[in-house]
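Read the structure below first, then the notes.
The chain is numbered in sequence order, starting from 1.
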Amino acid sequence: MTHNARQRFRASPKLKLRDKDADDATFSSRAANPKLGKSRGKTLDLERTAALIDRIAALQDKLYAQHKQKVLLVLQGSDTAGKDGTVRALFSRISPMGLRAVAFKGPTDNELAHDYLWRVHQHVPVNGEIAIFNRSHYEDVLITRVQGWIDDDECKRRYAQIRDFERMLAETGTVIIKVFLHISREEQRERLQERLDDPDKQWKFNPEDIKQREKWDDYQRAYEKAIRETDAPHAPWYVVPANSKTHRNLVIASLLLETLEGMDLQYPPPHPDLSSFTVV
């Protein structure tokens with residue numbers, strides 16, 4: 001049972017990103033049973049997530065075999081929000097056949113010479129595939145706007161273009177799930193400091209993250225605006241509390257499973273001509 005994550009975490013038309021909401025643990029075992037200890041609650045949540053992943057894997061096998069539909073999971077969030085961790089936690093146990101993760105970094109010169117959606121379109125899923133975008137085309141209405149590289153008029157044009165792009169994907173068989181990983185400013189500070197304090201994690205630290213952190217409020221407002229402008233029934237946004245990594249993974253696994261369960265995935269019918277074959 002996934003508790004209807006799609007309804008619980010669907011972005012509000014009047015979305016406001018508040019730090020306190022990043023700690024929401026509605027789906028946790030301790031929320032259902034407050035008497036549980038923290039360690040026991042975490043163990044149960046990990047077990048629940050593992051069970052959901054097993055069900056996702058079975059449905060992904062049908063998706064790949066059916067080879068008619070495709071799924072795009074978009075992961076967006078501030079630095080340290082857990083995009084990489086989500087991919088590792090939820091997909092490492094799923095068959096790589098029909099599964100692809102794409103991380104969008106800063107655009108290359110060649111990519112900048114094209115329209116901003118060019119580099120994204122070539123990575124959308126094919127029939128039978130789940131594609132996970134670690135960052136996405138939304139960077140082009142987030143960092144570009146906060147840094148002042150585009151003005152309000154251009155940003156509005158891009159919202160419209162993104163809506164058209166995602167509608168085209170949906171109309172050609174792509175089921176879209178867009179997830180914003182919501183962490184608090186203090187949680188980001190702790191995670192950045194952890195990277196600095198651990199020699200084995202310092203490779204993850206980028207001094208540019210500190211500069212971007214100074215514009216925290218600007219980025220939160222940019223995310224609010226982008227989510228409100230591009231949420232649609234065929235391309236819904238979900239705001240997932242992500243201060244707890246365990247709860248984050250449980251919620252996203254629930255969202256993905258509910259989505260796959262709603263796609264009527266079936267193995268192709270047996271071929272009648274094969275009934276006479278015998279392997280010797």
Side-chain angles (χ1 to χ4, degrees), residues 2 5-6 9-11 52-77 82-105 107-108 111 114-141 158 161-181 226-227 230-238 240 249 251-268:
T2 58
R6 288 186 294 179
F9 296 100
R10 181 68 182 272
L52 294 177
I53 292 172
D54 286 342
R55 292 165 65 186
I56 289 169
L59 288 169
Q60 185 249 359
D61 194 56
K62 292 181 179 180
L63 174 72
Y64 183 73
Q66 191 181 59
H67 214 69
K68 292 182 178 179
Q69 302 179 81
K70 46 231 178 181
V71 176
L72 173 60
L73 173 62
V74 173
L75 299 176
Q76 284 287 159
K83 298 176 289 294
D84 291 345
T86 297
V87 174
R88 286 194 301 270
L90 298 189
F91 298 102
S92 61
R93 293 168 52 194
I94 294 177
S95 171
M97 297 295 291
L99 182 69
R100 182 163 49 93
V102 183
F104 288 96
K105 306 296 185 182
T108 64
E111 289 168 342
H114 292 81
D115 68 88
Y116 69 95
L117 286 172
W118 176 81
R119 68 170 183 158
V120 177
H121 201 168
Q122 59 189 310
H123 291 295
V124 299
V126 299
N127 286 339
E129 187 176 57
I130 297 176
I132 307 105
F133 282 4
N134 181 337
R135 300 187 186 273
S136 68
H137 43 298
Y138 283 95
E139 295 300 302
D140 291 288
V141 289
R158 292 190 179 192
Q161 291 159 357
I162 287 172
R163 289 193 294 266
D164 289 342
F165 175 60
E166 292 178 346
R167 186 180 69 253
M168 181 272 294
L169 293 180
E171 289 175 350
T172 53
T174 301
V175 176
I176 303 171
I177 314 166
K178 300 182 294 190
V179 175
F180 175 70
L181 304 176
I227 291 170
T230 60
D231 180 70
H234 59 270
W237 271 107
Y238 301 99
V240 174
N249 294 339
V251 172
I252 298 175
S254 298
L255 288 169
L256 181 55
L257 178 59
E258 289 176 14
T259 300
L260 291 171
E261 287 178 334
M263 292 173 62
D264 189 28
L265 299 171
Q266 304 289 336
Y267 286 116

Among Lys178, Gln161, His234, side-chain hydrogen bond (donor to acceptor under 3.5 Å, both in side chains) partner for Glu166: Lys178
Partner of Val240 under side-chain contact (heavy atoms from CB on, under 4.5 Å), chosen from Thr86, Asn249, Val179: Val179
Contact check, side chains of [X] and [Y], non-hydrogen atoms, under 4.5 Å:
X      : Y      : value
Ile252 : Ile177 : no
Val71  : Gln60  : no
His121 : Met168 : yes
Leu75  : Val87  : yes

What heavy-atom pair brings [X] and [Y] nearest, and what distance separates the two atoms?
X      : Y      : answer
Tyr238 : Leu255 : CD2-CD2, 3.7 Å
Tyr267 : Ala58  : OH-O, 4.3 Å
Thr174 : Pro125 : CG2-CG, 4.0 Å
Ser254 : Leu52  : OG-CD1, 3.4 Å
Pro236 : Ile176 : CD-O, 3.4 Å
Tyr116 : Asp140 : CD1-CB, 3.6 Å

How far does [atom1] of [X] sit from [atom2] of [Y], to the nearest 0.5 angstrom?
X      : Y      : atom1 : atom2 : result
Asn134 : Gln76  : CG    : CD    : 8.5 Å
Asp115 : Phe165 : CG    : CZ    : 9.5 Å
Gln122 : Leu117 : CD    : CG    : 11.5 Å
Ile56  : Glu261 : CD1   : CD    : 9.0 Å
Ile162 : His137 : CD1   : NE2   : 5.5 Å
Asp264 : Lys68  : CG    : NZ    : 10.0 Å

What's the verdict on side-chain contact (heavy atoms from CB on, under 4.5 Å) for Leu90 and Leu256, showing C-alpha distance, side-chain angles and the deciding distance? CA-CA 10 Å; Leu90 298 189; Leu256 181 55; 5.9 Å; no
Can you tell me if Met97 has over 12 outside heavy atoms packed within less than 6.0 Å of its CE? no
Phe104: partners by ring-ring contact (aromatic ring centres under 6.0 Å, His included), with sequence neighbours left out: His123, Phe133
Residues in ring-ring contact (aromatic ring centres under 6.0 Å, His included) contact with Tyr64, at least two apart in sequence or another chain: none
Test side-chain contact (heavy atoms from CB on, under 4.5 Å) applied to Arg100 and Glu129, step by step: CA-CA 7 Å; Arg100 182 163 49 93; Glu129 187 176 57; 2.7 Å; yes
Polar side-chain atom of [X] near backbone of [Y] as donor-acceptor pair, under 3.5 Å:
X      : Y      : answer
Glu258 : Ala5   : yes
Arg158 : Tyr138 : no
Gln69  : Val175 : no

Could you go through the side chain to side chain donor-acceptor pair (under 3.5 Å) check for Asn127 and Lys70 one step at a time? CA-CA 5 Å; Asn127 286 339; Lys70 46 231 178 181; 3.2 Å; yes
Apply salt bridge (charged side-chain N to carboxylate O under 4.0 Å, His left out) to Arg135 and list each qualifying residue two or more places apart in sequence or on a separate chain. Asp79, Glu139
Quick one, Ile132 with Leu99, criterion side-chain contact (heavy atoms from CB on, under 4.5 Å). Give me CA distance, side-chain angles, the key distance, then yes/no. CA-CA 8 Å; Ile132 307 105; Leu99 182 69; 3.5 Å; yes
